[in-house]
Colleague: 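Take a look at the following structure, please.
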Amino acid sequence: QVQLVESGGGLVQAGGSLRLSCAASGRTFSNYAMAWFRQAPGKEREFVGHISRSSSTYYADSAKGRFTISRDNAKNAVYLQMNGLKPEDTALYYCAATTYWPSSRADLYNYWGQGTQVTVSS
């Protein structure tokens, strides 16, 4: 079992940057593949990117080239560095964990944080 807590969200202007953090309380963090999802009001939860147990990464087209996921197993943490933010990036951002193979499908993740709000102004 692992508990996740996101932080680092806020209000930024278009073109700005934010670094989101996801802190895990579990003792077997390195056994989990991790992912970031986001959800805007009235929209379905959207895949952003994931990072495997071996730190390989994969990104949605909307994030590729702008966002970077990393993990620090010694600190039980996963990060989402977001550069070149756009108003359409505005959403509640969640980190998620799975003991299975990393996936872009939200239903395959069984542990979720509470989310952190990212708002990008024009």
Colleague: So, Asp61 and Lys64, do they make that salt bridge, N to O below 4.0 Å?
Modeller: yes

Colleague: Using a cut-off of 6.0 Å, state whether more than 12 heavy atoms not belonging to Tyr111 lie near its atom OH.
Modeller: yes

Colleague: Are there over 12 heavy-atom neighbours, none belonging to Gln13, within less than 6.0 Å of that residue's CD?
Modeller: no

Colleague: Per the salt bridge (charged side-chain N to carboxylate O under 4.0 Å, His left out) rule, which among Glu6, Glu46, Glu44 passes with Arg38?
Modeller: Glu46

Colleague: Answer yes or no on whether Arg71 is positioned over the face of Phe29, meaning its NZ or CZ is under 6.0 Å from the six-membered ring centre and within 45° of the axis.
Modeller: yes

Colleague: Are any non-hydrogen side-chain atoms of Leu85 and Phe67 less than 4.5 angstrom apart?
Modeller: yes

Colleague: Evaluate the side-chain proximity of Tyr32 to Thr99: yes if any heavy-atom separation is below 4.5 Å, no if none is.
Modeller: yes

Colleague: Answer yes or no: does atom CZ of Arg19 have more than 12 heavy-atom neighbours from other residues, nucleotides or ligands under 6.0 Å?
Modeller: yes

Colleague: Should we count NZ of Lys43 as having more than 12 external heavy atoms under 6.0 Å?
Modeller: no

Colleague: Assess whether atom CD of Gln114 is packed by more than 12 heavy atoms of other residues, nucleotides or ligands within 6.0 Å.
Modeller: yes

Colleague: Any side-chain heavy atom of Thr116 within less than 4.5 Å of one from Ser7?
Modeller: no

Colleague: Would you say that Val78 contacts Ile69 through its side chain, given a criterion of any heavy-atom pair below 4.5 Å between the two side chains?
Modeller: yes

Colleague: Is there a side-chain contact between Asp89 and Met82 in this structure, where contact means two heavy atoms from C-beta onward sitting under 4.5 Å apart?
Modeller: no

Colleague: Looking at side-chain heavy atoms only, is the closest gap between Leu4 and Cys95 below 4.5 Å?
Modeller: yes

Colleague: Are Tyr58 and Ser103 side-chain neighbours, meaning at least one heavy-atom pair lies under 4.5 Å?
Modeller: no

Colleague: Any non-hydrogen side-chain atom of Tyr93 less than 4.5 Å from a side-chain atom of Leu80?
Modeller: yes

Colleague: May I ask you to decide if Gln3's main-chain N or O and Ser25's side chain share a donor-acceptor pair within less than 3.5 Å?
Modeller: yes

